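Keep in mind that this is a model prediction, so the values were computed, not measured. Just follow the structure's listing: the first ligand is 1, and inside any ligand the first atom is 1.
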Amino acid sequence: MDKIIVRGGKRLNGTVKVEGAKNAVLPVIAASLLASDGKSIIRDVPSLSDVYTINEVLRYLNAEVEFQNNMVHIDATRELTAEAPFEYVRKMRASVLVMGPLLARLGRARVALPGGCAIGTRPIDQHLKGFEAMGAVVKVGNGFIDARVDGKLKGAKIYFDIPSVGATENVMMAAALAEGTTILENCAKEPEIVDLANYLTSMGAIVKGAGTETIRIEGVDRLYGADHTIIPDRIEAGTFITAAAITGGNVYVKGAVPEHLSSLVAKLEEMGVEFIEEAEGVRVIAPDKLKAVDIKTMPYPGFPTDMQAQVMALLLKSEGTSMITETVFENRFMHVEEFRRMNANIKIEGRSVIINGPSDLQGAEVAATDLRAGAALIIAGLAADGITRVTELQHLDRGYVNFHGKLAALGADIERIYDVEKEEEAMVAKLAANVK
Ligand SMILES: CC(=O)N[C@H]1[C@@H](OP(=O)(O)OP(=O)(O)OC[C@H]2O[C@@H](n3ccc(=O)[nH]c3=O)[C@H](O)[C@@H]2O)O[C@H](CO)[C@@H](O)[C@@H]1O
Ligand SMILES: C=C(OP(=O)(O)O)C(=O)O
């Protein structure tokens with residue numbers, strides 16, 4: 001088992017560079033399946049386990065994929081397979097994003113049902129409603145979603161009941177190769193949606209309005225491979241901002257895009273944190289004492305649910321009573337119990353948590369319950385008395401590249417212990433294979 005071990009008490013100082021955004025690169029790689037002509041090059045791709053998983057999904061579907069030096073080369077011009085099995089979808093829910101491209105290109109998509117996860121039930125009814133409105137017949141059975149259309153998908157007017165990021169992306173990709181015009185209403189407005197629309201446009205698609213409530217897509221007959229650079233990861237940037245703030249530090253977050261972070265910056269400013277916009281990023285200067293604030297997670301441009309756990313760590317060290325209300329996912333408080341193990345004064349009341357700060361945080365052994373919880377527990381460990389050990393790091397690795405290394409470079413007392421048992425097993429297997 002891997003573990004991150006952190007000793008609290010060091011102020012973070014220096015510069016940290018943000019990677020390309022996980023939540024932008026996954027749909028962009030999926031969208032590459034739409035190119036029946038030419039290769040795609042995707043740049044600034046982070047080395048995350050989720051990226052390896054989506055690449056594996058594409059290979060399974062018969063695309064050629066190479067990932068080196070933060071660049072992914074994709075050739076999807078061969079005949080594709082229509083099925084994404086459970087072994088991939090189980091590892092990463094975003095595998096469901098191949099459904100729109102496959103349906104548009106092949107007229108068929110069969111994808112394992114993603115099921116729920118640690119943060120909520122996460123249905124995909126809005127994705128399916130979009131495909132059905134475009135003429136697909138969707139059947140769910142034997143653990144699979146099977147969608148088929150005779151001929152091409154047809155442009156349609158679709159109103160999403162909730163502004164779902166994944167549904168907006170999946171249906172936008174399907175509409176890019178549909179016959180006629182698709183109008184999507186009540187769309188998600190996240191910067192990652194805009195990044196996907198920009199990539200689709202460079203592939204030859206006609207997409208207008210991404211980043212607003214209404215997206216209009218004129219279907220085209222063919223899409224081509226394109227060269228695209230992924231936007232910086234606003235959640236990784238926000239995570240380092242929070243880490244700097246909890247340690248009373250001064251950190252330049254290079255690559256952070258201020259306009260993508262405005263709700264987080266506004267809340268942290270209320271807490272007393274200072275921000276200076278510099279040429280290529282944002283400098284965070286923490287005060288000696290942080291003030292309590294109330295936060296409600298909302299779809300973009302509201303406060304991101306993907307920053308809720310990290311900011312919870314920060315509010316544990318703030319003076320006064322704070323309330324965090326989670327409105328996006330119904331079960332995204334699994335980390336609260338872990339914070340309690342660190343002596344946090346925190347309680348859950350329905351969809352809110354109440355924090356009486358500042359807590360006298362103490363190092364403890366805790367488990368990452370999802371990727372952001374993992375980052376949040378490490379952040380809490382930076383400000384705790386003594387040593388914190390964080391396990392279940394497979395979650396962290398889905399969304400952060402070398403998280404402990406980046407914190408260590410900023411001055412944190414932190415190390416990662418790699419799975420010695422596994423290494424030993426692999427070594428024995430290798431030696432045994434040599435004998436044969
Ligand atoms: C890979 C990726 O980009 N993941 C992000 C994406 O997830 P994802 O795309 O899964 O999130 P959605 O925006 O779809 O989900 C938001 C809410 O809508 C619900 N819902 C969604 C679709 C649907 O058909 N029916 C339905 O009820 C979900 O259960 C959830 O409660 O946006 C989330 C919300 O910002 C982020 O936390 C995730 O990091
Ligand atoms: C919840 C997240 O991701 P995913 O949708 O990939 O599970 C996240 O990035 O915080």
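- Taking 4.5 Å as the limit, every side-chain heavy atom of L153 sits out of range of all side-chain heavy atoms of L177.
- Nearest protein neighbour of atom 10 (O) of ligand 1, counting heavy atoms only, is R122 NH2, 2.8 Å.
- For E213, the CD atom sits in a loose shell: 12 or fewer heavy atoms of surrounding residues, nucleotides or ligands are nearer than 6.0 Å.
- Given atom 10 (O) of ligand 2, the protein heavy atom at minimum distance is R372 NE, 2.8 Å.
- Within the 4.5 Å cutoff, the side chain of I54 has no heavy atoms near those of the V65 side chain.
- Under a cut-off of 6.0 angstrom, the local environment of CD in E415 is sparse, with at most 12 non-hydrogen atoms contributed by other residues, nucleotides or ligands.
- Using a 4.5 Å heavy-atom cutoff, the side chains of E349 and M323 are not in contact.
- Within the structure, salt bridge (Lys or Arg N to Asp or Glu O under 4.0 Å) pairs that include any residue of residues 18-29 comprise E19-K406 (at least two apart or interchain).
- Among all non-hydrogen protein atoms, the one lying nearest atom 1 (C) of ligand 1 is N23 OD1, 3.3 Å.
- Among the atoms of Q126, some N or O lies under 3.5 angstrom from an N or O of ligand 1.
- Just one residue in the list M203, M173, R105 forms a side chain to side chain contact (heavy atoms under 4.5 Å, CB included) with L223, and that residue is M203.
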Give the intermediate values and the outcome of salt bridge (charged side-chain N to carboxylate O under 4.0 Å, His left out) for residues D146 and R108. CA-CA 7 Å; D146 199 305; R108 166 117 201 256; 2.7 Å; yes
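- Comparing heavy-atom distances from atom 7 (O) of ligand 2 across Q308, E236, R122, M92 singles out R122 as nearest.
- Ligand 2 lies less than 4.0 angstrom from a heavy atom belonging to R398.
- Between E330 and ligand 1, a contact under 3.5 Å exists for no N or O pair.
- Considering only non-hydrogen protein atoms, atom 11 (O) of ligand 1 sits nearest to F329 CZ, 4.1 Å.
- With a heavy-atom cut-off of 4.0 Å, R332 touches ligand 2 through its side chain alone.
- For R7, the salt bridge (Lys or Arg N to Asp or Glu O under 4.0 Å) partners at least two apart in sequence or on another chain are D413.
- The number of heavy atoms from other shown groups lying within 6.0 Å of NZ (K154) is above 12.
- Geometrically, ligand 1 and T305 share no nitrogen or oxygen pair separated by less than 3.5 Å.
- In this structure, the protein non-hydrogen atom closest to atom 14 (O) of ligand 1 is S164 OG, 2.6 Å.
- Compare V328, T327, D306, V25 by their heavy atoms: the one nearest to atom 39 (O) of ligand 1 is in D306.
- The N/O atoms of D125, backbone and side chain alike, include one that comes under 3.5 Å of an N/O atom in ligand 1.
- Atoms of ligand 1 lying under 4.0 Å from at least one heavy atom of R332, given by number and element, are 37 (O).
- For the pair L393/F403, no side-chain contact is recorded, criterion being any heavy-atom separation below 4.5 Å from C-beta on.
- Residue contacts with ligand 2, taken as heavy atom pairs separated by less than 4.0 Å, do not involve D370 at all.
- Annotation for K267: atom NZ counts as buried by contact number, over 12 foreign heavy atoms lying within 6.0 Å.
- No N or O atom of E169 sits closer than 3.5 Å to an N or O atom of ligand 1.
- Close approach to K22 involves these atoms of ligand 2, each under 4.0 Å from a residue heavy atom: 2 (C), 3 (O), 4 (P), 6 (O), 8 (C), 9 (O).
- No N or O atom of R93 sits closer than 3.5 Å to an N or O atom of ligand 2.
- Note on ligand 1: P123 sits in its first shell, one or more heavy atoms being nearer than 4.0 Å.
- No side-chain heavy atom of Y300 sits less than 4.5 Å from a side-chain heavy atom of I193.
- Residue contact annotation: H127 has a non-hydrogen atom under 4.0 Å from ligand 1.
- Considering backbone and side-chain atoms alike, I162 places every N or O at 3.5 Å or more from each N or O of ligand 1.
- Using a 4.0 Å cut-off to heavy atoms of G166, the atoms of ligand 1 that qualify are 9 (O), 14 (O).
- Within a 6.0 Å sphere centred on CG of N142, other residues, nucleotides and ligands contribute 12 heavy atoms or fewer.
- Counting heavy atoms under 4.0 Å from ligand 2, residue I119 touches it through the side chain alone.
- Near V165, the atoms of ligand 1 lying under 4.0 angstrom from a non-hydrogen atom of the residue are 6 (C), 9 (O), 12 (P), 13 (O), 14 (O), 32 (O).
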